[in-house]
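Below, all heavy atoms of this structure are taken into account, side chains as well, without hydrogens, waters or symmetry copies.
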Amino acid sequence: MSKTLKEIYEYDLIEDDGIDYTVDEWFNTIMEKTKDQLSVADVSRMLRQKICSRIAIKRAIEMLSDDPFTGEMFEGQLMFNLYKGKEKYLKLFYTQMAPVLEKAGLMAKCHKFGSNEEKEEYMSVIAKFAQKIKEATT
């Protein structure tokens, strides 16, 4: 059985002090989940907040391998959030990310985006991401 994020990172949950903090509530919720239970929304937010980055990056790569256009609020959002992820950990996964970017680039050529602007933005993120990986690995 998979461990929860709380068990992996040995975090304590944030105690309720009577004030409603949505971020604290969300943090406690994800700490009770296993890696496989994390949703696209969870992973996107983890990447944006730079929380539990290693697990967020691993899970994002898995999700993007299945669907390179997945996102919480717009197509390709997870790819964008991953690109902006914590570089210290992201660079550890560059070799796993390269084939995902290649697949995403090929699929994007025939994917029906909402607009040309969306397609250009997505292709730009893929190109920048690929360039970042190339510069770091050569």
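In this structure, K33 NZ and R59 CZ are separated by 10.5 Å, a value rounded to the nearest 0.5 Å. Put simply, OG1 on T138 and CD1 on I133 are 11.5 Å apart, with the number rounded to the nearest 0.5 Å. Taken to the nearest 0.5 Å, the CD1 atom of I57 stands 10.0 Å off from the CD atom of Q96. One finds the CD atom of E75 at 6.0 Å from the CZ atom of F113 (value rounded to the nearest 0.5 Å). Taking CZ of F74 as the start and CZ of F69 as the end, the distance is 13.5 Å to the nearest 0.5 Å. Separation of atoms CD (E87) and CG (L92) is listed at 9.5 Å; rounding is to 0.5 Å.
Side-chain contact check for Y94 versus L101: every heavy-atom pair is 4.5 Å or farther apart. Here the side chains of L64 and M97 are in contact, with some heavy-atom distance below 4.5 Å.
Using modelled atom types, one side-chain atom of Q37 and one backbone atom of T34 make a donor-acceptor pair closer than 3.5 Å. A donor-acceptor pair under 3.5 Å links the side-chain atoms of E118 to the main chain of G114, judged by distance alone. Counting only distance, with no hydrogens or angles, the side chain of K119 and the backbone of K109 share a donor-acceptor pair below 3.5 Å.
Here the closest non-hydrogen pair linking A60 and V43 is CB-CG1, 3.8 Å. G105 and M123 make their closest contact through O-CE, 4.2 Å (heavy atoms, listed as atom of the first residue, atom of the second, distance). Between F93 and Y89 the shortest heavy-atom distance is CD1-O, 3.2 Å. Across P68 and Y122, no two heavy atoms sit closer than the pair O-OH, 2.6 Å. Between L38 and M63, the closest heavy-atom pair is O-CE, 3.2 Å.
Counting heavy-atom neighbours within 6.0 Å of D36 CG, excluding the residue itself, gives a total above 12. Within a 6.0 Å sphere centred on NZ of K91, other residues, nucleotides and ligands contribute 12 heavy atoms or fewer. Other residues, nucleotides and ligands contribute over 12 non-hydrogen atoms within 6.0 Å of the NZ atom of K50.
Grouping the Ile, Leu, Val, Met, Phe, Trp and Tyr side chains by contacts below 4.5 angstrom, directly or via other members, places V100 apart from L106.
Here E72 pairs with R48 in a salt bridge; the nearest charged N to carboxylate O distance falls below 4.0 Å.
Every residue meeting the side-chain contact (heavy atoms from CB on, under 4.5 Å) condition with E121, not counting sequence neighbours, appears here in chain and number order: E117.
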Validation: residues 78-86 side-chain donor-acceptor distances under 3.5 Å, sequence neighbours left out:
from	atom 1	to	atom 2	distance (Å)
N81	ND2	S44	OG	3.4
N81	ND2	Q77	O	3.4

